[in-house]
Amino acid sequence: MTGHTVTDTPHDHPAAARGTAGVPASARRRVLSGVAVIVTGLVCALAWGLGAHAGDAVLRLSAVGDGSPILQIRVPGRQAGLVLGAVITLLGAWQLARGFSRRAMRAVSAVVVGCFVLAFLCWAGTGQPGTPVSVFGLLQQSIFAAIPLILGALAGILCERSGVINVAIEGQMLTGAFTAALAATMAQHAGAGIVLALLAGGLMGLLLAVFAIRYAVNQIVLGVVLNLFALGLTSFGFDLLMQRDPDAYNNPSVLAPLKIPLLGDIPLLGPLLFDANILVYITYVLIIGVQVSLFHTRWGLRTRAVGEHPKAADSVGVKVRATRYRNVILGGLVAGLGGAFLSIGAVGAFGAGMSNGKGFIALAAVIFGRWSPRGAVGAALLFGFADALQTLSSAITMPVTIPSAFLSMLPYLVTFLAVAGLVGHVRAPAAGGVPYMKG
Amino acid sequence: MSGRTGPGRRVLDALVRADSVVMTSLSLLCALAVGAVLIVLADQPTRTAMGYFLSSPGDTFTLGWHAVWSGYAALFEGAVFNPGNSGMAVFEPLSNTLLNATPLILGGLAVGTAFRAGLFNIGVQGQLIMGAICAGYVGFAFRLPPVVGLLAALLAGVAGGAVWGGIAGWLRARTGAHEVISTIMMNYLALYLLSYLLGVPGFQAPGSNQAISREVSDTARLPQILGPDLRLHAGLVIAILAAVACWWLLSRSTLGFSLRTIGANPSAARTAGMNVERGYVTVMLISGGLAGLVGCSQVLGTNHALTGDIDAGLGFQAITVALLGRASAGGAVLAGLLFGAFGAGDVVMVANTGVPADVVSVIEAVVVLFIAAPALIRSIFRLPESRGGAAGVGQFAKGWNG
C-alpha cells in the first residue's frame, strides 16, 4: 500500500525518512531489488560480455586536438563485460542474501549503473577495433544535454518550493527558444536574444502566476494548457516569420564557447566544464545561487514556508501571494534561459516544437531530485547522460546495430524508469498545487 | 432550476447566474478575439497599413477588419456551409467537421473519464499510437472475413491503448509514480516504437522506402456512412456509442460512482471501503481503451495506413476537448464537434487566406484557459460572482502528493 493516507502530514515524513535511513529495507523490497540487480548483471555479462567481438575496445578519455596528451585505455571487450557483469551479479546476490542499508543501496545503484554502462561501452568499442570510443565526448555531451534540463528543473524548483506546481516548463522553454532565436537574429546580437528569452519566459511565468494565484486555476491543468498555448503561438510565429524568411528571422549564430583562463587549462576537467558558452556559466551560478539561497537565506526560508504551510507563514507576516508571484515569475525567467540554450546555445536555429519533451524531463528531474537543486542537477545529469549515450551510440559502429528509434527512446525510458521506480518515496512541498485564499 | 419557470425566464436566470453554457460561449468569444488579433498580425496588407498608422489610422482598421472577416468566413465555409458548393458537395464541410470530431470526441472521453477519477491522462497520444499500431497490424496482417476483420482490429486497438494506459495506472497505484510524468514519457516511447516499426519489413508498405505501413485490408476498414464521395466513416457511430457508454458508466453505474468518489476524495473513498488502487488501474484501462479507439478511427477509418504522424496532435487536443466539455460525456461530444469544426475550417482558412494553421490551436488553448478561470470571464464581462454554481475543471487533477 503506497497510496497516501490522511495521516501523511508533512511533519512526520522527514523524521520517518531519517529514522529508516540506516535500517535495511523490508524483506520483499530486498528480494525484488536483489533479483533485479542479479538479472541486470546477467544481462550485462551475456549481452555485453559474450556478445562482444573478440579483440580490444579503445576508450579515449581526453579531448581531441587541444594539445593535451592523449589518454586512451585498451580493454579486452569480452572479458570486461564478463567481469563487470560478475561484479553486478555479486552485488545483487549480497543484497538478496544480507541486504544493504537504504543509504548504501543508493551507492550500490550508482555502481550498478556505472558498471553496466562501462560494459556497454566496451562492447560497443569492439565493433570498431582500433577506433577509439570517446568517453570524453560522452561526458561533454552529457553536460551539454543536461544544461537545459538543469535550467528547467531550477525553474520548477523555484515555483514548486513556493507552492505553485509548474507543468508549464515545456512551454516556457519553447517560448524562450523562439524569442532567443528571433531576437538574436533581428538584433544581430546574441545578448539581445538572451535578454528577450528571459523576458519571454518571465511573461509565461507571469501568465502562470496570474491564473494559478489570482484565479486559482488547477495548476496541472493550467500548465498543460499553457504548454499548448506556447506551442501554438511559437508555431504560429515560426510559420509566419521564420519559415518564410529564415535569413531575416531565424539565423542566429550559435553562442561561441568562452574558455575561462586558469580553470580551462585543468586537464580533463578544464575542457569539460570551463570551455563552454555563457549560458553554461550562468547555469553554474544559478545552481549554486538557488541551492544556497533556498536553504540559507531569509528569502529561501520564506519561500519554503509558503510552499509547506502558507497559513503559518501568513500568520507571521510573510506575504504568501507576493512570494508566490515573485517565485513563479523568477522560475519563468530561468526556464526562458533554458529555452535560449536550446536554440541559440546549441542548435543555432529555432524549430517548431523543438523543446520535444525536455520541459517534462526537467519536471521529472525536479521530482526525482526531491525538490532540491542539488538532487535535480544530479537527475538532470543522469537524463543528459542517457541523451548523450544515445547520440554516441548512433555515431559509432557497434557489434550489433541497434535501431536508432530504440536509441532515441533512451532518455525517455530512463526518465520513465526513474520516476516509475522511485517517485513513490518522495514528498512534494505540502502546499503544492493548493491556491492560497486568505481567511 | 425549478420546473415552473418559462424558457425566457430560464435564459435570463442563466445569464445572471452565469452558468456553464454562458461561460463557455463567453470564453469562446474571448478566444476568437485573441485569434482575431493573430489573424490581423499575420495579414500582410494590415501590417503594411500599421506602418503608416498615424497618418491614416482608418486603413489599419479597414484592412484588419477585412482580414478577420475573411479569415473567420473561410473558417465557417470550411466547417459548416459553403455557398459556392452544389450537389453532394454541400455536405462536404459538415462531413469534414464530423470526420474531425470523431477522434476528438473519443479522445475527450478518454481524458475526461480519467479526470473524473482524479487522474490526468496526458498520455492519449501514446495510447492512441499503440492502439493504431495494434489495430493496423491486425487490419493488414490477417485476411479475415468482413465484420470479423473489423471487430478483431477494433478489439486489438482498444487492447493496445488500454494496456499502454493501464501501465500508467498500475504504476500510479503501486509506486505512486505521477501519471503526468509517466504518461508523457510513454508518449515518446510509443512514438519511437512506431517510427521503428515503420521501417520493419512486413510492417512497412512493400516496395516503399517511406515511413508508411501496409494498407489495412478492405474487410477491416470502418465503412463510409455518407456514400463514397464523403469521407465520414462509422467511427462517428462508435464515438457516439462510446459517449453514451461513458455517460452511463459515470452517472449510472456502481463502478462510475466509486470512480467519481475516488476522484473527489481518495481518502474518503478508501474509508468507505473502495479500493482506490484498483480504481486507478481500472480507469486508466478504460481511458487508454478509449484512446485506443481514437487510433482505430484514424487507421481503420480516416487514413487506412499508419504513418509517423498518425497522432497529428490529437492526443493533446483531446485534453482541451475534455476540459472544454468539463469532463462530461455530453460535453466531450459538443466540444469535439466544436473543435472538429475548427479543424475542418482551418484547412480552408489556411488555403484561402494564408493565415498560419496554428491560429486555431492558439484559439483552442485560449478557450480552455478562459474556461478554467471563470473568475476572469466574470470580471471581463462584469458578471456577478458565482454562488457556487458552474464548477470549473479545477477540482479534478490533484498535485504531486495525490
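These numbers come from a predicted model, not from an experiment. Reminder, nothing fancy here: chain letters follow the sequence lines and each chain counts from 1.
With rounding to the nearest 0.5 angstrom, the CD1 atom of B:I133 is 5.5 Å from the CZ atom of B:F203. Expressed to the nearest 0.5 Å, how far CD1 of A:I213 lies from CZ of A:R324 amounts to 7.0 Å.
Ranked by non-hydrogen atom pairs under 4.5 Å with chain A, the options B:I167, B:V276, B:L193 are led by B:L193. Looking only at heavy-atom pairs under 4.5 Å with chain A, the residue among B:T320, B:L191, B:D358, B:V366 that has the most is B:D358. Of the residues considered (B:V362, B:L194, B:I319), B:V362 shows the highest number of contacts with chain A, using heavy-atom pairs under 4.5 Å. Looking only at heavy-atom pairs under 4.5 Å with chain A, the residue among B:S361, B:S195, B:A373 that has the most is B:A373. Most heavy-atom pairs under 4.5 Å with chain B, from the set A:G232, A:G223, A:P435, A:A230: that is A:G232. For the set A:L228, A:L231, A:V225, A:L233, the count of heavy-atom pairs under 4.5 angstrom toward chain B peaks at A:V225. Taking chain B as the reference chain and counting heavy-atom pairs below 4.5 Å, the highest number among A:N356, A:L222, A:L226, A:T415 is found for A:N356.
Of the N and O atoms on the side chains of A:N166 and A:Q219, not one donor lies less than 3.5 Å from an acceptor on the other residue.
Heavy-atom distances place no part of A:N227 under 4.5 Å from chain B, backbone and side chain included. Heavy atoms of B:L171 lying under 4.5 Å from chain A belong exclusively to its side chain. For B:L189, the parts lying under 4.5 angstrom from a heavy atom of chain A are both the backbone and the side chain. With a threshold of 4.5 angstrom between heavy atoms, A:F211 approaches chain B through side-chain atoms but not through N, CA, C or O. B:L376 touches chain A through backbone and side chain together, each having a heavy atom under 4.5 Å away. For B:S379, the part sitting under 4.5 Å from any heavy atom of chain A is the side chain, from C-beta outward, and nothing else.
Tested against A:E160, the residues A:V328, A:N327, A:L363 include a single side-chain contact (heavy atoms from CB on, under 4.5 Å) partner, A:L363. Applying the side-chain contact (heavy atoms from CB on, under 4.5 Å) test between B:L198 and each of B:L306, B:I310, B:I212 identifies B:L306 as the sole match.
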Please output the side-chain donor-acceptor pairs of residues 32-42 of chain B that fall under 3.5 Å, not counting sequence neighbours, one pair per line with the distance.
none

**Request:** Could you check B:M185 against A:V414 for side chain to side chain contact (heavy atoms under 4.5 Å, CB included), going step by step and ending with a plain yes or no?
**Result:** CA-CA 9 Å; B:M185 294 306 137; A:V414 169; over 6 Å; no

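The aromatic ring centres of B:F115 and B:F120 sit less than 6.0 Å apart. When ring centroids are compared, A:F178 and A:F238 stay outside the 6.0 Å threshold.
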